[in-house]
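In what follows, a single structure is set out as structure tokens and then discussed.
So you know, we letter chains A, B, ... as the sequences are listed, proteins then strands, and number each from 1.
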Amino acid sequence: MTIHNQEIADRLERAADLLEIGGGNAYRARAYRQAAQTISGLSQSVADLVANGDDLTELPDIGQRMAEKIATLVETGELPQLDELKETLPAQLSELMQLSGLGPKRVKALYQDLGVENLDDLKQALEAHRVRELEGFGRKTEETIAEHLARRQGQEPRTRLMEAEEIAQALAADLRAVDGVQDLAIAGSFRRRKETVGDLDILVTAVEDSPVMARFTGHEEVREIVSQGETRSTIVLRSGMQVDLRRMPEAAYGAALHYFTGSKAHNIAVRRMGMERGLKINEYGVFRDEERIAGRSEQEVYASVGLPYIEPVLRENRGEIEAAQEGSLPELVELDAIRGDLHCHTRASDGHESLRAMAEAGAERGYQYLAITDHTQNLTVAGGLDERRMNEQIDRIDRLNDTLGDRIRVLKSAEVDILADGSLDLPDAILERLDLCVCSIHDKLDLSREKQTERILRAMDHPSFSILGHPRGRLIGKRDPYELDLEQVLAAAAERGCFLEVNAQPKRLDLSDTDCRLAKEMGVKVAISTDAHSRANLDYMRFGVDQARRGWLDAEDVVNTRSLEALRKLLERP
DNA sequence: GCCGTTTTCGGCCCGACTGTTTTCAGTCG
């Protein structure tokens, strides 16, 4: 049973929590957190690295001692340091740390003075009003903790990017309309285009007497004002989304935008570079002693530490700073570079529109080609096509292409089910009539890692296999990816000339950012496809492009940036 | 516990806001 990167990161985080609560050297706890961060952002499996005898100390923030601990964890499933900590402190104190308003000091006080060991204990202590009697606590603190505890139940902690976008853009539009507002940006993980967003960070510059802060905290969608000040306020909207507004002087806009865009790890790394140069970098600018030497734009901030501009999607401290220093940052793929969509549905299966409507919608977006990929017979719930209906669909596409001229080319395709034994869900005679095949798994999601991997490898052996659709099968926040050895799949794809999909559906975004990066490292190109079930869904393309950009992909790495001619060539199996 | 153009010790990002105090600790991002 191999341990996943996320589990390793979680154990290290838990150890960090307990170290902080226990007091002692706070920097030691931070070292555990930083190691956890490095590992959760890694594309390769740490377990595999250890198995290969790779040197983990080459990874950032992992030294000799941490590498040994991780190796032990991978090999034995145990982290002895964590077990030792658990002997002195209850492990569940780590959960209390997750509650907003509770940090190590307060958790320690709750434990030592009130014997609170877990969330249930905390609830009882709050109800008995014993918390307010602790030194440093008070009535207000007790109430805040109680509120956060109550809200925690059954709440989705992160919002998918698309939903966050709807909320953010509406609010931003209202704030832009306030008197005296000059610049406004939505920063944070939203600007980095992370697949999910925890809260929104909005940044404004405004003339001195602008009522923007008051209009923010007084907005009709506000459910709760968490804090309010001259330059910073935090609210919770009725949707449950927490939003920060920061008001900055114009001369500091770039520095503030950089600061609030994050990620935290990226900022810390940049600030460290500043320190080495005798500079202090904060949200108000870059300072040498008391003098501000940069801050109006982000470019200035980067230039002050000798770096070129780094795109927000790359700011995760996953090697972008080193790449910037070496001048080897990728030229990220742009939405404009996409020449067609290789995965969409019509009414023939579970789509909502006609073939012609989808083709027209593709042409409106300036696409050169659009692949129609209705489901196949195995997926009965979606009205999948059998042999006869598939043949009819192919003939219909031929006739449609005759009427479309050079406006757009509709490619004959299907989203073919990969059956449990790895065979494809339509006879070869039909598959051969298709321009390409997107092949996906829709059932038997709970096979073992070995069997699921084997299933896909076998499917890829089929000469008609072109693209592996939504390769991990995850639904963000709803369903975990199925067990799969992605590296083995990528190696097989590279060998056979197959591609993997970046499914741009906001609830899928599958491959993930780190998966994209792994694909690139292993020499496998991707198709960014919307899996559209309606014309409007074709606009999901930008979410897929953002995900690919977060995975460091350039236009070369993406098959559907090619002209139709070049695409056809690429689709020919070696 | 990590790290090194101040390098094997002695640093480790930094400011805003809140609540409990009355000058500051704790938390957050």
Side-chain angles (χ1 to χ4, degrees), chain A residues 12 15-16 19-21 23-38 56-70 79 81 96-110 131-145 147-148 187-190 192 197-203 213 217 225-235 242-248 252 255-256 258-287 305-306 317 325:
Chain A
L12 295 176
L19 281 166
E20 278 193 324
I21 296 166
N25 185 353
Y27 293 109
R28 196 163 149 237
R30 206 183 69 176
Y32 276 79
R33 278 196 212 291
Q34 287 177 323
Q37 209 250 340
T38 293
L56 297 181
T57 64
E58 308 226 326
L59 298 170
D61 297 320
I62 293 178
Q64 197 56 48
R65 306 173 70 168
M66 193 62 77
E68 283 164 20
K69 289 177 178 36
I70 294 166
L79 185 61
Q81 287 71 20
L96 299 180
M97 290 272 287
Q98 309 309 314
L99 264 189
S100 178
L102 285 186
K105 301 288 167 58
R106 285 177 178 165
V107 169
K108 185 178 189 181
L110 286 165
V131 173
R132 66 177 62 176
E133 287 152 15
L134 290 176
E135 197 180 332
F137 290 62
R139 186 183 54 83
K140 201 74 206 275
T141 303
E142 183 180 86
E143 285 171 4
T144 309
I145 297 171
E147 273 171 37
H148 285 128
S189 52
F190 179 86
R192 302 200 310 279
V197 172
D199 57 12
L200 292 170
D201 297 284
I202 302 180
L203 185 63
M213 203 47 94
T217 53
I225 298 171
V226 178
S227 70
Q228 54 184 328
E230 295 268 306
T231 62
R232 172 185 165 180
S233 298
T234 300
I235 59 168
Q242 183 169 308
V243 189
D244 282 11
L245 182 68
R246 331 250 179 169
R247 186 174 170 173
M248 302 298 295
H258 180 257
Y259 186 91
F260 294 120
T261 296
S263 67
K264 193 174 165 184
H266 173 90
N267 286 354
I268 289 172
V270 171
R271 232 170 289 148
R272 265 196 203 135
M273 290 184 69
M275 279 170 53
E276 287 165 11
R277 289 167 169 72
L279 303 173
K280 186 176 74 168
I281 301 176
N282 60 30
E283 60 265 55
Y284 296 105
V286 180
F287 299 88
V305 293
N317 199 26
Q325 281 171 320

**Request:** Have a look at Ser233(A) and say if it touches a base, only the backbone sugar-phosphate, or nothing, with a 4.0 Å heavy-atom cut-off.
**Result:** nothing
**Message:** Categorize Asn267(A) for me: base, sugar-phosphate, or nothing, with a 4.0 angstrom heavy-atom threshold over every strand shown.
**Reply:** nothing
**Prompt:** Quick one: Glu20(A) CD to dC28(B) C1', roughly how many Å, whole number?
**Reply:** 12 Å
**Prompt:** Where do Glu143(A) and Arg139(A) land on the salt bridge (Lys or Arg N to Asp or Glu O under 4.0 Å) test, with the steps shown first?
**Reply:** CA-CA 6 Å; Glu143(A) 285 171 4; Arg139(A) 186 183 54 83; 2.9 Å; yes
**Asked** For the pair made of CZ in Phe260(A) and P in dG15(B), what is the distance, rounded to whole Å?
**Response** 11 Å
**Complete:** Which of dC2(B), dA16(B), dT20(B) is nearest the side chain of Arg65(A)? It is dC2(B)
**Request:** Can you figure out which of dC12(B), dC14(B), dG19(B) approaches the side chain of Asn282(A) most closely?
**Result:** dC14(B)
**Prompt:** With a 4.0 Å cut-off on heavy atoms, is Lys105(A) in touch with a base, just the backbone sugar-phosphate, or nothing at all?
**Reply:** sugar-phosphate
**Residues that Glu283(A) engages under salt bridge (Lys or Arg N to Asp or Glu O under 4.0 Å), provided they are two or more places apart** = none
**Item:** 5' precedence on DNA chain B between Met275(A) and Pro104(A) (nearest-nucleotide basis)
**Value:** Met275(A)
**Request:** For His266(A) and Gly262(A), indicate whether the former's side chain and the latter's backbone hold a donor-acceptor pair under 3.5 Å.
**Result:** no
**Message:** Expressed as a whole number of angstroms, how long is the span from Glu147(A):CD to dT18(B):C1'?
**Reply:** 14 Å
**Request:** In whole angstrom, give me the gap between the C1' atoms of dG10(B) and dC17(B).
**Result:** 32 Å
**Spacing of the C1' atoms in dG11(B) and dT6(B) (rounded, Å)** = 10 Å
**Prompt:** Distance-only, no hydrogens or angles: does the Thr234(A) side chain make a donor-acceptor pair with backbone N or O of Val226(A) under 3.5 Å?
**Reply:** no
**Request:** Find the partner of dT8(B): check Watson-Crick (N1-N3 plus N6-O4 or O6-N4) and G-U wobble (N1-O2, O6-N3) distances, both under 3.5 Å, and reply none if neither fits.
**Result:** none
**Item:** Pairwise P distance for dG1(B) and dT5(B), with rounding to whole Å
**Value:** 23 Å
**Nucleotide of dG19(B), dC12(B), dG29(B) approaching Tyr27(A) most closely (side-chain heavy atoms)** = dC12(B)
**Complete:** Of all heavy-atom pairs linking Ala16(A) and Tyr32(A), the shortest is CB-CB, 3.8 Å
**Asked** Separation of Arg272(A) atom CZ from dT6(B) atom P, in whole Å?
**Response** 15 Å
**Message:** At less than 4.0 Å, is any side-chain N or O atom of Thr231(A) found next to OP1 or OP2 of dC17(B)? Yes or no.
**Reply:** yes
**Asked** Considering only the C1' atoms, how many Å lie between dC14(B) and dC9(B), rounded to the nearest integer?
**Response** 24 Å
**Complete:** Regarding the side chain of Lys140(A), the nearest nucleotide among dT20(B), dG29(B), dC17(B) is dT20(B)
**Request:** Please round to the nearest 0.5 Å and tell me the distance separating atom CD1 of Ile70(A) and atom OG1 of Thr38(A).
**Result:** 8.5 Å
**Message:** Under 4.0 Å from OP1 or OP2 of dC28(B): is there any side-chain N or O of Lys264(A) that close?
**Reply:** no
**Item:** Candidate nucleotides dC14(B), dC2(B), dG29(B), ranked by approach to the side chain of Ala31(A) - the nearest
**Value:** dC2(B)
**Item:** Sugar-phosphate, base or nothing in reach of Tyr259(A), heavy atoms under 4.0 Å
**Value:** base
**Prompt:** Using a cut-off of less than 4.0 Å, is there contact between a side-chain N or O of Thr141(A) and OP1 or OP2 of dT20(B)?
**Reply:** yes
**Message:** Counting the atoms with a prime plus P, OP1 and OP2 as sugar-phosphate, which does Lys108(A) contact under 4.0 Å by heavy atoms, base, sugar-phosphate, or nothing?
**Reply:** nothing
**Request:** Pick the C1' atom in dT8(B) and in dC3(B), then give their distance to the nearest Å.
**Result:** 10 Å
**Prompt:** Which part of the nucleic acid, if any, lies within contact of Gln228(A), taking any heavy atom under 4.0 Å across all strands shown: a base, the sugar-phosphate backbone alone, or nothing?
**Reply:** sugar-phosphate
**Prompt:** How far, in whole Å, is dT20(B) from dG26(B) if one measures between their C1' atoms?
**Reply:** 11 Å
**Message:** Rounded to whole Å, how long is the line connecting atom CZ of Arg246(A) with atom P of dA16(B)?
**Reply:** 10 Å
**Request:** Mind calculating the distance between CD1 (Ile281(A)) and C1' (dG15(B)) to the nearest angstrom?
**Result:** 15 Å
**Item:** Nearest-Å distance once atom P is located in both dT21(B) and dA16(B)
**Value:** 24 Å
**Prompt:** Any side-chain heavy-atom pair from His148(A) and Leu102(A) closer than 4.5 angstrom?
**Reply:** no
**Asked** For the pair made of OH in Tyr32(A) and P in dC2(B), what is the distance, rounded to whole Å?
**Response** 8 Å
**Prompt:** Taking the side chain from Arg277(A) and the backbone from Val305(A), do they hold a donor-acceptor pair closer than 3.5 Å?
**Reply:** yes
**Complete:** In whole angstroms, the gap separating P of dA16(B) from CG of Leu245(A) amounts to 15 Å
**Item:** Per Arg106(A) side chain, nearest of listed nucleotides dG1(B), dT20(B), dT27(B)
**Value:** dT27(B)
**Prompt:** If you look only at pairs with a residue in residues 23-33 of chain A, which of them pass as a salt bridge (charged side-chain N to carboxylate O under 4.0 Å, His left out), with sequence neighbours excluded?
**Reply:** Glu13(A)-Arg33(A), Asp17(A)-Arg33(A), Glu20(A)-Arg33(A)
**Asked** Just by modelled atom types, is the Tyr259(A) backbone N or O under 3.5 Å from a matching donor or acceptor in the Asn267(A) side chain?
**Response** yes
**Fill in**
Between Ser227(A) and Thr57(A), whichever has its closest DNA chain B nucleotide further toward 5' is Thr57(A)
**Item:** Arg28(A) side chain near dG1(B) phosphate (N/O to OP1/OP2, under 4.0 Å)
**Value:** yes
**Request:** Report yes if a donor N or O on one partner sits less than 3.5 Å from an acceptor N or O on the other, where the partners are the side chain of Asp61(A) and the base of dG1(B); otherwise report no.
**Result:** no
Report each atom pair, protein N/O against N/O of nucleotides 21-23 of chain B, whose distance is under 3.5 angstrom.
none

